[in-house]
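Letters go in sequence order (proteins before strands), and every chain restarts at 1. Everything numeric here is computed off the predicted structure, so don't read it as measured data. Side chains included, hydrogens not; waters and symmetry mates left out as well; all remaining heavy atoms used.
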Amino acid sequence: MVELESITKVYKAGRTEVPALRGISCRIESGEMVAIMGPSGSGKSTLMNIIGCLDKPTSGQYRLEGVEVNKLGDNKLAEIRNKKIGFVFQSFNLLPRTTALANVELPLIYSGSGNRRQRALQALESVGLAHRIKHRPSELAGGEQQRVAIARALVNDPALILADEPTGNLDTTTSKELMLLFKQLNQQGITIVLVTHEPYIAAYTQRTIRIRDGQIEVSG
Amino acid sequence: MKIWVCFATALKTLLSHKMRSILTMLGILIGVAAVISMVSLVRAEQAMVQQSFKSLGTNLIFVTPGAPSGGMGMGGVLGTTQTLTLEDAEAIARDAPSVSMVAPMTQTTTQIVAGGENIGCLTLGVTPEYQHVRNFEVDQGSFITEQDYKGRARVIVLGNQLAKTLFGQISPVGQSVRINGRQFRVIGVLKGKGEVFGVEDQSAMVPLSTAQAVISSERAGSGGHTVQSISVQARSKEAIDAAHWEISNILRQRHRIIEGEDDDFSVMSMDALLGTADQMYVIGELIMGAIAGISLLVGGIGIMNIMLVSVTERTREIGLRKAVGAKRRDITTQFLTEATVLSFCGGAMGVGLGWLIVRVSANALANMGLPFPAIVPSDVIALAVGVAVFVGLVSGIYPAVRAARLDPIEALRHE
């Protein structure tokens, strides 16, 4: 599913070059649930951005479902983000003043799909929020907001869900509930990659990739 | 992204910031209202003036004493110079082939007495032709006839307003009035012309011969009978220029004006005057339009300003939209649509306000006795709204492009 080959990423801060990733190679198979762990500044967010086609590597090869993503243009990348990848963020990133339903419909607007309402309803149902579709983010609890965000990530039937510290803003009980939801989705065949600091969150996954200083330390 | 989805999204966004949206629209609203009301009022006035010119007479050429002096060519003030004579008028009627009718006229300020009323008014000495050349219609009785003219009859035709002031509800025809102590029999009342050139509504008309005999009889240096103006009707619209030329030639010969010397009279066709007036109105319209256009420009700057604020405020939203698959084009379209919807709504409301201004002005003028058509021409509406939408679109471009260029990762991190 995800094949990374000696991926490097160098940021330029003025004249100094800051390497964020120094040659990362790994594979994530279809249907896997993987945690990426590492101290802050280790490059895990950069890696997630590259896997999520939000950023391009400075060098190296990235194949997503066999497609060489690093050679694609902006519009093509937007299409891949839209159709193949679902993002879940630490801070939910829902549109304020917009209902849960409309938030979930958002990716469908950009894929030009019909039947948006129906599909968004289904996605909300699958995260257990069918009863809160008309609520705005400010009227929902943190866990519920994150469920809306997961529904939004699911709505276009992606092959891959990328979650960047999805439980970072939630309490332990809610976090555990959410991890059960992720696990359930994974069992339905969706590949899930998540970044976390918490070992008990990583414990829900099948394996953990540890990163330090832009390199893979342990790939379990 | 389908266009109606864009519109729905834009409307939703704008409605979620109602106050801000309305304030932003205000600039465009005022601009469009200004364009609409100013241009409409100028056009309405122009139409009225055209109408009034028509009521003066068809294919009318106006000959007045005194040299033509700049501008509109209105030579001197009527009656101040006395170079035109009745004989000049007769010569024109006799010798100018492009002329169909000639109507000389004298005018004197007189006191007119009827019953208990004593009113100062203009008394015109005219020939029967005057009615046709100057498009007068008789409301009651009849106009001055050939016999009246030849027989120096003591008859008088009253202007509409004057008749009302002198006689009130009583029918004036058959009554008598006194001018300079002499008695005149009222034979007719004219229909009102109103509006701009309605002086005759307040005047009286007597046969020119009678006027020269009993009211005033000035003689020109050349020895003829002085007249204050000669109204000439050309045979047709096409003959106006020829008639103009013929009249000038005849008068220069009669007044012995040699080559290179200035005329002591002025000839002016109402058509040419109308053309000059029309040109002035076009210029007026352009100036008004330009001033109003500037306020549209200011409105556009307001829109750009608010859109830039909006882009900054919604950086995270833009980042998220890009993350879930929005292309640059989608983001550009979204912000352009918002700017356009803003300006279009402002423009539409501006049309309403402009229409209201025109209505209120028309009412106010009507109350002051100036009937004014309260019409907003549709081409003005189309132009104003078109310009407004264009302004919105143009002022949306820079903010939209800035939004589309945002890096999604940076944008998502934005606080």
Side-chain angles (χ1 to χ4, degrees), chain A residues 9 11 20 45-50 52-56 72-99 102-114 116 136-137 148-149 151-156 158 161-162 164, chain B residues 1-22 306 309-338 341 400-415:
Chain A
K9 179 73 188 178
Y11 289 112
S45 286
T46 308
L47 183 60
M48 282 294 262
N49 288 336
I50 287 173
C53 298
L54 284 169
D55 209 349
K56 288 182 178 182
L72 298 176
D74 278 354
N75 281 350
K76 212 73 194 153
L77 288 177
E79 215 168 282
I80 287 181
R81 290 198 297 270
N82 182 245
K83 298 232 164 85
K84 299 202 167 163
I85 301 171
F87 290 93
V88 177
F89 305 92
Q90 178 178 1
S91 50
F92 321 138
N93 276 327
L94 299 175
L95 299 186
R97 298 195 194 86
T98 309
T99 62
N103 264 293
V104 177
E105 278 184 31
L106 194 62
L108 296 174
I109 289 176
Y110 297 113
S111 54
S113 329
R116 292 205 304 270
R136 285 156 216 279
V148 174
R152 180 180 64 199
L154 283 174
V155 76
N156 241 342
I161 285 189
L162 296 176
D164 195 349
Chain B
M1 196 154 139
K2 289 191 183 83
I3 197 73
W4 71 266
V5 179
C6 284
F7 274 109
T9 313
L11 268 180
K12 225 181 271 174
T13 313
L14 296 177
L15 282 175
S16 67
H17 294 94
K18 284 191 196 70
M19 192 61 189
R20 179 198 286 187
S21 301
I22 287 169
I306 288 299
V309 170
S310 175
V311 168
T312 310
E313 270 184 5
R314 286 152 69 194
T315 302
R316 272 173 87 95
E317 175 192 326
I318 294 161
L320 174 81
R321 284 178 185 273
K322 288 192 133 185
V324 301
K327 302 180 172 107
R328 276 188 182 199
R329 197 182 55 223
D330 296 321
I331 303 291
T332 317
T333 314
Q334 184 188 345
F335 281 90
L336 276 185
T337 313
E338 272 178 39
V341 168
V401 167
R402 250 175 75 150
R405 278 207 193 129
L406 286 173
D407 172 32
I409 301 166
E410 298 277 315
L412 279 167
R413 267 194 222 127
H414 185 88
E415 282 310 314

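- Side-chain contact between B:Asp407 and A:Asp55: absent, with no pair of heavy atoms (C-beta onward) separated by less than 4.5 Å.
- Residue B:Leu412 holds its CG atom at 8.5 Å from CG of A:Asn49, rounded to the nearest 0.5 Å.
- Neither the backbone nor the side chain of A:Ser45 comes within less than 4.5 Å of any heavy atom of chain B.
- Using a 4.5 Å cut-off between heavy atoms, A:Asn93 touches chain B through backbone and side chain atoms alike.
- Considering only heavy-atom pairs separated by less than 4.5 Å from chain B, the leading option among A:Pro158, A:Pro107, A:Cys53, A:Ser111 is A:Pro107.
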(request) Decide yes or no on side-chain contact (heavy atoms from CB on, under 4.5 Å) for B:Val5 and A:Arg116, but give the supporting numbers first. (result) CA-CA 12 Å; B:Val5 179; A:Arg116 292 205 304 270; 4.1 Å; yes
(message) Determine whether A:Ile109 and B:Arg321 satisfy the following criterion, side-chain contact (heavy atoms from CB on, under 4.5 Å), listing intermediate values before the conclusion.
(response) CA-CA 10 Å; A:Ile109 289 176; B:Arg321 284 178 185 273; 5.5 Å; no
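- For B:Arg20, the CZ atom counts as densely surrounded, since its 6.0 Å shell holds more than 12 non-hydrogen atoms of other residues, nucleotides or ligands.
- Counting heavy-atom pairs under 4.5 Å between each of A:Lys83, A:Glu79, A:Arg152 and chain B puts A:Arg152 at the top.
- Using a 4.5 Å cut-off on side-chain heavy atoms (C-beta onward), B:Arg328 and A:Asp74 make contact.
- Of all non-hydrogen atoms in B:Val324 and A:Asn82, the two that sit nearest each other are O-ND2, 2.7 Å.
- Taking 4.5 Å as the limit, some side-chain heavy atom of B:Arg316 sits within range of a side-chain heavy atom of A:Ser91.
- Annotation for A:Phe87 and B:Ala323: closest pair CE1-O, 3.3 Å, computed over non-hydrogen atoms.
- Atom OH of A:Tyr110 and atom NZ of B:Lys322 lie 10.5 Å apart (nearest 0.5 Å).
- Within the 4.5 angstrom heavy-atom criterion, atoms from both the backbone and the side chain of A:Asn75 approach chain B.
- Here the closest heavy-atom approach between residue B:Ala326 and residue A:Ala78 is recorded as O-CB, 4.0 Å.
- With chain A as partner, the option from B:Gly319, B:Pro408, B:Gly325 having the largest number of non-hydrogen pairs under 4.5 angstrom is B:Gly325.
- For B:Thr13 and A:Arg97, the side-chain atoms include no donor-acceptor pair closer than 3.5 Å.
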